[in-house]
Number of protein chains: 2
Amino acid sequence: MTYKKADLFDKDLQRIAEVAKIMSHPARLAILRYLANCKTCISGDITNEIPLSRTTVSQHLQELKRVGLIHGEIDGLKVNYCLCNTCITDIKKNFISFLDEISITENIKC
Amino acid sequence: MTYKKADLFDKDLQRIAEVAKIMSHPARLAILRYLANCKTCISGDITNEIPLSRTTVSQHLQELKRVGLIHGEIDGLKVNYCLCNTCITDIKKNFISFLDEISITENIKC
DNA sequence: TTTTTATGTCGTATGTTTACGTCATTAAAC
DNA sequence: GTTTAATGACGTAAACATACGACATAAAAA
């Protein structure tokens, strides 16, 4: 009965909140940054780059995949991960739009 | 011994993650949006606007205050809250910079 | 075919967030 | 001076996130 009242809010706020939550862990941000720079994108390489156990990194990768920020493509034993540019563009649009919305120019007092 | 390995990551990623975490709840986004629109900003008004208990809203307000997104100013019995534009501008800069960084143009495959 | 390698899934301990009722405090109204 | 009103702080239950070891799977190498 307690908990999870998030659905009481506007859909657009819920979406921004969802994306923000995904970005709320530095490991996931580090993964995104790494994927933006590397060419190979193999899961193992990401694991080596991140100072956490393989399992934990894998878990973060699944999260990123779940919201659509990255894609994974099986290549034999290995998995190639890469960023979803469409999704990132979309997120950028959403964030900027929200932050613009709350950037008032004429400030009232404090 | 388990838990909280966040400090192993770059300071800039930690800061973005911290801000993202604050933005990861629709109630807090709704508060920010409301503060951007209203003139009065009295705590009680915010509580009426948000479909959560007074205590919970107060808690969210403290969180927003903690990271510097809003300021509160005591006015007798009441408290006037308002957005911190400097902080919001800063956040916008940080987010856009990170999202630009991971927006690769030449995509490799997927 | 057996072994090795790369990855994901499951279980679980511990820490954190969310949500709210109750209590404390302090200013204003009476 | 008492009462009422507006807030914040405290305590706490339930849900969720983080981190990781152990197990499972399936491709590649030996």
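The chains referred to below are lettered A, B, ... by the order of the sequence lines, with proteins before strands, and numbering in each begins at 1.
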**Asked** If you pin A:Glu63 and A:Asp75 to their nearest nucleotides in DNA chain D, which one's is more 5'?
**Response** A:Glu63
**Asked** Rounded to the nearest Å, what distance is computed from the CD atom of residue B:Gln62 to the P atom of nucleotide C:dT16?
**Response** 20 Å
**Message:** Quick one: does any side-chain atom of A:Glu63 pair with a main-chain N or O of A:Gln59 as donor and acceptor, under 3.5 Å?
**Reply:** no
**Request:** Please tell me which of the listed nucleotides, C:dT7, D:dA17, C:dT5, lies nearest to the side chain of A:Leu77?
**Result:** C:dT5
**Prompt:** Using a cut-off of less than 4.0 Å, is there contact between a side-chain N or O of A:Tyr81 and OP1 or OP2 of C:dA6?
**Reply:** no
**Fill in**
Rounded to whole Å, CD1 of B:Ile70 lies from C1' of D:dT7 at a distance of 14 Å
**Complete:** Taken to the nearest whole Å, CD1/A:Ile50 to P/C:dT7 is 14 Å
**Asked** Taking B:Ser58 for the side chain and B:Arg54 for the main chain, is one N or O donor matched with an acceptor at less than 3.5 Å?
**Response** no
**Asked** Contact class for B:Leu61 vs. all strands (heavy atom < 4.0 Å): base, sugar-phosphate, or nothing?
**Response** nothing
**Prompt:** Separation of A:Ile74 atom CD1 from D:dA27 atom P, in whole Å?
**Reply:** 9 Å
**Prompt:** Tell me: CE of A:Met23 to C1' of D:dA17, nearest whole Å?
**Reply:** 18 Å
**Message:** Please classify the nucleic acid contact of A:Lys65 as base, sugar-phosphate, or nothing, using heavy-atom distances under 4.0 Å.
**Reply:** nothing
**Request:** Return the nearest nucleotide to the side chain of A:Ser58; candidates are D:dG8, C:dT18, C:dT9.
**Result:** C:dT9
**Nucleotide nearest A:Ile42 (side chain, heavy atoms from C-beta), chosen from C:dT7, D:dC20, C:dC20** = C:dT7
**Request:** Could you tell me whether the phosphate oxygens of D:dA17, OP1 or OP2, come under 4.0 Å of any side-chain nitrogen or oxygen in B:Lys4?
**Result:** no
**Message:** Quick check: any donor-acceptor pair below 3.5 Å linking the side-chain of A:Gln59 to the base of D:dA17?
**Reply:** no
**Asked** Going by an N to O cut-off under 4.0 Å, is there a salt bridge joining B:Arg33 and A:Asp12?
**Response** yes
**Prompt:** Across the strands shown, which category fits B:Ser43 at heavy-atom distances under 4.0 angstrom: base, sugar-phosphate, nothing?
**Reply:** sugar-phosphate
**Item:** A:Lys92 atom NZ: more than 12 heavy-atom contacts under 6.0 Å
**Value:** yes
**Prompt:** For the side chain of A:Thr56, counting heavy atoms from C-beta on, which of D:dT18, D:dC20, D:dG8 is nearest?
**Reply:** D:dC20
**Item:** Separation of C:dT26 C1' from B:Lys78 NZ (nearest whole Å)
**Value:** 15 Å
**Asked** Between B:Ile46 (CD1) and D:dT7 (C1'), how many Å, whole number?
**Response** 12 Å
**Fill in**
A:Val79 has its side chain closest, among C:dC20, C:dT7, D:dT18, to C:dT7
**Message:** Using a distance-only criterion (donor-acceptor N/O pair, under 3.5 Å, no hydrogens), is the base of D:dG21 paired with the side chain of A:Arg54?
**Reply:** no
**Asked** For the side chain of B:Asn94 and the backbone of B:Asp90, is there at least one donor-acceptor N/O pair under 3.5 Å apart?
**Response** yes
**Prompt:** C:dC20 phosphate, OP1 or OP2: any side-chain N/O from A:Lys5 under 4.0 angstrom?
**Reply:** yes
**Prompt:** Rounded to the nearest Å, what distance is computed from the CD1 atom of residue B:Ile31 to the P atom of nucleotide C:dT18?
**Reply:** 11 Å
**Message:** Heavy atoms only, 4.0 Å cut-off, all strands: where does A:Thr55 land among base, sugar-phosphate and nothing?
**Reply:** base
